[in-house]
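Worksheet: the structure to be examined is printed underneath.
Just so it is clear: chains get the letters A, B, ... in the order the sequence lines come, proteins before strands, and each one is counted from 1.
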There are 2 protein chains.
Amino acid sequence: MEQHSPSKKIKSILADRKAYTTPHRQAIVNLLAQSKPMSAQDIISALKKADINRATVYRELKFLKELGLIEELQLPGRKKYYEIQKHHHHHLICTRCHTIKQLELPRLVCKLLADITYINNCTITNHNLEFSGLCNRCQKYL
Amino acid sequence: MEQHSPSKKIKSILADRKAYTTPHRQAIVNLLAQSKPMSAQDIISALKKADINRATVYRELKFLKELGLIEELQLPGRKKYYEIQKHHHHHLICTRCHTIKQLELPRLVCKLLADITYINNCTITNHNLEFSGLCNRCQKYL
DNA sequence: TTGACAAATGCGACAAAGTCGCATATTATA
DNA sequence: TATAATATGCGACTTTGTCGCATTTGTCAA
């Protein structure tokens with residue numbers, strides 16, 4: 001497998017936490033950096049040449065999530081999906097072809113969250129806004 | 001267990017689908033009608049006197065969901081939660097006490113969905129908007 | 001460059017959530 | 001009340017994820 005060396009930024013984040021830059025860790029980060037959101041099993045399959053233990057993959061995903069390097073998506077269905085942490089955004093999972101697309105959201109959404117906090121007198125630390133339906137390719141066929 | 005007889009409406013929905021009005025089915029619907037969102041395991045435990053098989057509960061939840069009588073919530077975490085289908089709404093799960101509260105959302109949200117569909121040229125059939133954070137009771141303590 | 005120590009890994013067993021096929025039981029209705 | 005469709009129990013199985021522990025690997029300072 002081709003191993004891109006991790007960016008300076010990632011290396012320093014790892015160093016700050018006294019975390020090592022291991023081949024497995026790099027492989028997972030690189031894989032996610034180049035692809036759509038993947039489930040743990042997707043990652044295990046994709047890296048089967050590297051022969052990474054299942055438990056290691058799960059541990060790694062948990063760890064990278066804590067570090068804020070990747071994000072965990074709670075899409076409809078049983079599995080969690082992971083993707084490289086970019087700017088915050090949301091997804092559509094197609095009920096026909098099961099591809100996951102990133103959605104463009106009107107700016108309004110941020111304001112909305114503030115309103116919700118105010119109306120309900122609570123402290124929102126996290127939200128999960130995901131969609132399912134038909135992607136633009138599949139909606140032509142039905 | 002006290003068995004309220006199901007409403008006419010529910011009976012007719014069941015009849016339309018040639019589904020039977022069985023004690024187990026009634027027990028599950030009645031239970032959900034009287035409580036906060038519950039996981040499958042919560043339901044199994046709550047109905048342990050009725051001694052309903054696990055598989056039956058899962059099958060029933062799936063079926064009631066298809067009928068539109070209950071809704072499946074995808075909250076952060078591994079389990080799914082179920083609640084009686086009321087008007088569409090959203091939840092906050094408290095990261096401290098884990099209670100699930102229904103949130104009041106500004107009307108804006110509906111319009112937002114239409115905008116998202118338009119901007120992204122897709123067909124949204126379902127969305128999942130759930131929150132985690134601190135409920136109004138717990139936010140006093142931290 | 002190497003040795004020591006912390007961090008990462010593999011392994012295998014375990015757990016929780018959910019599914020399936022099949023034999024049996026229950027329900028609606030003619 | 002007989003019958004045909006539906007629901008249920010049972011148990012094995014799958015998937016997703018976790019854990020403890022022994023071993024290996026990465027880092028850093030001497």
(request) Measure from the side chain of A/Gln41, starting at C-beta and using heavy atoms only, and say which of C/dA17, D/dT16, C/dT27 lies closest. (result) D/dT16
(message) Rounded to whole Å, how long is the line connecting atom CG of B/Leu14 with atom P of D/dT6?
(response) 13 Å
(request) Side chain of B/Arg78 only, please: which of D/dT16, D/dA7, C/dG10 is the nearest? (result) D/dT16
(request) Would you please confirm or rule out a distance under 4.0 Å between OP1 or OP2 of D/dA5 and any side-chain N or O of B/Lys18? (result) no
(message) From CG of B/Asp16 over to C1' of D/dT6, roughly how many Å is that when rounded to an integer?
(response) 16 Å
(message) Taking the nucleotide of DNA chain C with the nearest heavy atom to each, does B/Arg59 or B/Lys79 sit closer to the 5' end?
(response) B/Lys79
(message) Is there a side-chain contact between A/Ile70 and A/Glu83 in this structure, where contact means two heavy atoms from C-beta onward sitting under 4.5 Å apart?
(response) no
(message) Whole angstroms only, please: what is the CG-P distance between A/Leu47 and C/dG10?
(response) 11 Å
(message) With a 3.5 Å cut-off and heavy atoms only, can you find an N or O donor on one side and an acceptor on the other between the side chain of B/Arg54 and the base of D/dG11?
(response) no
(message) Among C/dG18, D/dG17, D/dT16, which nucleotide has an atom closest to any side-chain atom of A/Ala40?
(response) D/dG17
(request) Would you mind reading off the distance between B/Asp51 atom CG and D/dG9 atom C1', rounded to a whole angstrom? (result) 9 Å
(message) Of the options D/dG17, D/dC19, D/dT27, whose atoms approach the side-chain atoms of A/Ala55 most closely?
(response) D/dC19
(message) Rounded to whole Å, please give me the gap between CD in A/Gln26 and C1' in D/dT25.
(response) 13 Å
(message) For a quick test of reading the model, state the closest non-hydrogen atom pair linking A/Cys122 to B/Leu103 and the distance between them.
(response) SG-CD2, 4.3 Å
(request) Ignoring hydrogens and angles, tell me if any N or O in the side chain of A/Glu130 forms a donor-acceptor pair with the backbone of A/His91 under 3.5 Å. (result) yes
(request) Sort and list the pairs that fulfil side-chain hydrogen bond (donor to acceptor under 3.5 Å, both in side chains) and have at least one residue in residues 55-64 of chain B, not counting sequence neighbours. (result) B/Arg25-B/Glu60
(message) Ring centroids only, cut at 6.0 angstrom: are B/His127 and B/His90 within range, meaning strictly under it?
(response) yes
(message) Strictly below 4.0 Å: does A/His24 bring a side-chain N or O up to OP1 or OP2 of D/dT25?
(response) no
(message) Using heavy-atom distances to pick each residue's nearest nucleotide on DNA chain C, tell me which of B/Thr22 and B/Tyr82 is more 5'.
(response) B/Tyr82
(request) Let me know, please, whether B/Glu60 or A/Lys62 comes out on the 5' side of the other along DNA chain D by nearest nucleotide. (result) B/Glu60
(message) OP1 or OP2 of C/dA8 versus the side-chain N and O atoms of A/Thr56: is any pair under 4.0 Å?
(response) no
(message) Closest approach to the side chain of B/Tyr58, judged atom by atom: which nucleotide of D/dT6, C/dA17, C/dG10 is it?
(response) C/dA17
(request) Could you tell me the separation between the CD atom of A/Gln85 and the NZ atom of A/Lys65, rounded to the nearest 0.5 Å? (result) 12.0 Å
(request) Using side chain to side chain contact (heavy atoms under 4.5 Å, CB included) as the criterion, point out the one residue from B/Leu32, B/Leu31, B/Asn30 that pairs with B/Gln34. (result) B/Asn30
(message) From NZ of A/Lys11 over to P of D/dC28, roughly how many Å is that when rounded to an integer?
(response) 10 Å
(request) For the helix from C/dT1-D/dA30 to C/dA30-D/dT1, figure out the bend between the end axes, five pairs an end, and round to 10 degrees. (result) 30°
(message) If I take atom CD in residue B/Glu72 and atom C1' in nucleotide C/dG18, what distance separates them, rounded to the nearest angstrom?
(response) 11 Å
(message) I need the CG-P distance between A/Leu64 and C/dA8, as an integer number of Å.
(response) 10 Å
(request) May I ask you to verify whether the side chain of B/Tyr20 and the base of D/dT6 hold a donor-acceptor pair under 3.5 Å? (result) no
(request) Output the distance between atom CE (B/Met38) and atom CG (B/Leu73), rounded to the nearest 0.5 Å. (result) 12.5 Å
(message) What's A/Arg25 touching, base or sugar-phosphate or nothing? Going by heavy atoms closer than 4.0 Å.
(response) sugar-phosphate
(message) Among C/dG21, C/dA7, C/dC11, which nucleotide has an atom closest to any side-chain atom of A/Asn53?
(response) C/dC11
